[in-house]
There are 2 protein chains.
Amino acid sequence: MLSKKTKYGIKALTYLARRENNEPVQIAEIAKSEHISIKFLESILLLLRNSGFLGAKKGKGGGYYLIKEPKDISMAKVYRILEGPIALLPCASHNFYEKCDDCDDEATCAARRLMTEVRDNTLKILESNSLADIAF
Amino acid sequence: MLSKKTKYGIKALTYLARRENNEPVQIAEIAKSEHISIKFLESILLLLRNSGFLGAKKGKGGGYYLIKEPKDISMAKVYRILEGPIALLPCASHNFYEKCDDCDDEATCAARRLMTEVRDNTLKILESNSLADIAF
DNA sequence: AGTTAATTCTACTAAATTAGTATAGTTTTA
DNA sequence: TAAAACTATACTAATTTAGTAGAATTAACT
């Protein structure tokens with residue numbers, strides 16, 4: 001299951017993408033509209049900013065705004081920042097690979113085999129969807 | 001990411017499936033071979049027994065054994081018992097559906113849209129794989 | 001120019017949940 | 001009687017979610 005962080009992050013990005021213009025939107029506005037705890041959302045937006053998805057403007061009239069076109073924002077990248085590995089097992093992950101210490105032989109591990117197949121398909125879907133694809 | 005419960009459960013089922021005969025195998029044997037805490041594995045096997053995947057025989061010479069043919073054990077069902085919902089959001093789940101309390105309108109929720117697509121594909125894979133498919 | 005209000009940013013804390021492990025026994029059966 | 005599954009519970013650690021307090025920045029107003 002996705003963490004709320006990821007769900008909220010996706011909803012916030014969607015909210016920004018659906019805006020006509022790309023002027024800064026305040027955290028409070030997004031939080032209210034999407035029913036998200038304002039402080040929790042604050043940390044999520046900050047993460048998305050530090051990861052290069054959002055820009056921020058401080059002070060009066062400030063807020064967050066998309067830094068790229070929605071069609072150029074890959075949901076796979078968003079997922080990796082917010083949720084972490086796409087694979088369901090560390091040993092089936094490209095970007096976050098780790099060997100299982102309980103596993104003698106990866107080649108014959110049935111769990112790995114199955115989860116690799118799941119991973120490949122999930123990745124394909126997340127990579128083929130941009131923010132624009134899911135927002136509109 | 002999968003919980004260890006699920007990973008260990010799949011590995012234990014695989015271990016049993018790879019056995020030539022279907023005689024009871026003791027927890028300790030599986031635990032040792034797969035490097036799993038014996039007590040943790042105990043609770044997992046118990047769950048799999050109570051869910052109709054395994055039979056158990058008590059006392060000397062006892063142990064756990066598969067109650068069905070590996071080819072008749074759906075990994076989707078195994079996954080649901082061990083890990084829970086296949087969907088990444090409760091609102092995108094068939095078997096464990098729950099409305100999000102933060103969501104005004106499911107129809108326009110981008111997160112739901114995306115996660116439903118992921119779910120459909122993951123489900124297809126898990127349903128098309130039996131224990132026999134991944135063990136051999 | 002200086003003050004004020006609105007806003008992001010930073011750091012710390014805390015509550016709640018979940019995962020994983022450990023302990024101590026009871027029951028069943030060869 | 002010994003070997004095994006079964007039951008119950010309690011503990012620890014990690015993670016997630018959220019809250020608190022204040023610093024830094026900026027725009028607008030006087």
Side-chain angles (χ1 to χ4, degrees), chain A residues 1-12 16 23-32 34-67 81-85 88-90 96 98 100-102, chain B residues 1-12 16 23-32 34-67 81-85 88-90 96 98 100-102:
Chain A
M1 281 283 186
L2 288 193
S3 63
K4 290 197 177 176
K5 182 165 92 172
T6 303
K7 183 170 91 168
Y8 292 165
I10 293 175
K11 291 182 97 171
L16 292 174
E23 269 158 29
V25 180
Q26 296 150 30
I27 301 173
E29 177 184 334
I30 305 176
K32 192 177 176 195
E34 304 294 332
H35 309 105
I36 302 170
S37 142
I38 193 167
K39 269 301 181 181
F40 191 30
L41 180 59
E42 204 170 324
S43 70
I44 296 168
L45 293 179
L46 202 56
L47 171 61
L48 288 171
R49 198 214 67 161
N50 291 334
S51 307
F53 295 102
L54 298 180
K57 192 182 169 195
K58 282 189 182 179
K60 202 166 187 175
Y64 286 95
Y65 50 92
L66 289 176
I67 226 170
I81 294 297
L82 291 169
E83 187 72 18
L88 292 173
L89 289 176
F96 299 81
E98 245 177 276
C100 302
D101 16 299
D102 59 286
Chain B
M1 282 284 187
L2 287 192
S3 63
K4 291 198 178 177
K5 183 163 92 172
T6 303
K7 184 170 92 166
Y8 292 165
I10 293 175
K11 291 183 95 171
L16 292 174
E23 269 157 29
V25 180
Q26 295 152 31
I27 301 174
E29 177 184 333
I30 306 175
K32 193 178 175 195
E34 303 293 332
H35 309 106
I36 303 171
S37 143
I38 193 167
K39 271 301 182 181
F40 191 31
L41 181 58
E42 205 170 323
S43 71
I44 295 168
L45 294 179
L46 202 56
L47 171 61
L48 289 171
R49 197 213 67 161
N50 292 333
S51 307
F53 293 104
L54 299 180
K57 190 182 167 195
K58 280 190 182 179
K60 202 167 189 176
Y64 285 96
Y65 51 91
L66 289 176
I67 225 171
I81 293 298
L82 292 169
E83 188 72 18
L88 291 173
L89 289 177
F96 299 82
E98 245 177 278
C100 302
D101 16 300
D102 59 284

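Chain identifiers are assigned alphabetically (A, B, ...) following the order of the sequence lines, protein sequences preceding nucleic acid strands; residue numbering begins at 1 within each chain.
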A correct 5'-to-3' footprint of nucleotides 25-30 of chain D, with B, S and - meaning base, sugar-phosphate only and no protein heavy atom under 4.0 Å, is BBS---

Nucleotide by nucleotide, nucleotides 7-12 of chain D touches protein heavy atoms under 4.0 Å in the pattern (B base, S sugar-phosphate only, - none) B-----

Side chains of residues 35-55 of chain A: which donor-acceptor pairs under 3.5 Å do they make with residues two or more places apart or in other chains?
| residue | atom | partner | partner atom | Å |
| --- | --- | --- | --- | --- |
| A:His35 | ND1 | B:Asp102 | O | 3.1 |
| A:Ser37 | OG | A:Phe40 | N | 3.3 |
| A:Lys39 | NZ | A:Glu42 | OE1 | 3.0 |
| A:Lys39 | NZ | A:Glu42 | OE2 | 3.1 |
| A:Ser43 | OG | A:Phe40 | O | 2.8 |
| A:Asn50 | ND2 | A:Leu46 | O | 3.4 |
| A:Ser51 | OG | A:Leu47 | O | 2.7 |

[X] side, atom [atom1]; [Y] side, atom [atom2] - distance, nearest 0.5 Å:
{"X": "A:Lys5", "Y": "A:Ile81", "atom1": "NZ", "atom2": "CD1", "answer": "9.5 Å"}
{"X": "B:Cys100", "Y": "A:Lys4", "atom1": "SG", "atom2": "NZ", "answer": "9.0 Å"}
{"X": "B:Glu34", "Y": "B:Ile10", "atom1": "CD", "atom2": "CD1", "answer": "12.0 Å"}
{"X": "A:Leu82", "Y": "A:Leu2", "atom1": "CG", "atom2": "CG", "answer": "9.5 Å"}

query: By side chain to side chain contact (heavy atoms under 4.5 Å, CB included), which residues pair with B:Lys57, not counting sequence neighbours?
result: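 Only B:Pro24, B:Tyr65 meet the side chain to side chain contact (heavy atoms under 4.5 Å, CB included) criterion with B:Lys57.
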
With B:Gln26 via side chain to side chain contact (heavy atoms under 4.5 Å, CB included) - residues at least two apart
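Once residues adjacent in sequence are excluded, B:Gln26 has no partner under the side chain to side chain contact (heavy atoms under 4.5 Å, CB included) criterion.
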
Applying a 4.0 Å non-hydrogen cut-off, can you work out what B:Leu45 is touching in the nucleic acid: base, sugar-phosphate, or nothing?
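No contact.
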
Q | Whole-Å gap separating P (D:dT15) and CD (A:Glu83) | A |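 Rounded to whole Å, this separation is 13 Å.
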
Sorted by number, the residues of residues 1-10 of chain A with heavy-atom contact under 4.0 Å to DNA chain D: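 Contacts with DNA chain D under 4.0 Å: A:Ser3, A:Lys4, A:Lys5, A:Tyr8.
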
What are the bounds, 5' to 3', of the part of DNA chain C that sits under 4.0 Å from heavy atoms of chain A?
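On DNA chain C, the outermost contacted nucleotides are C:dA6 to C:dT10.
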
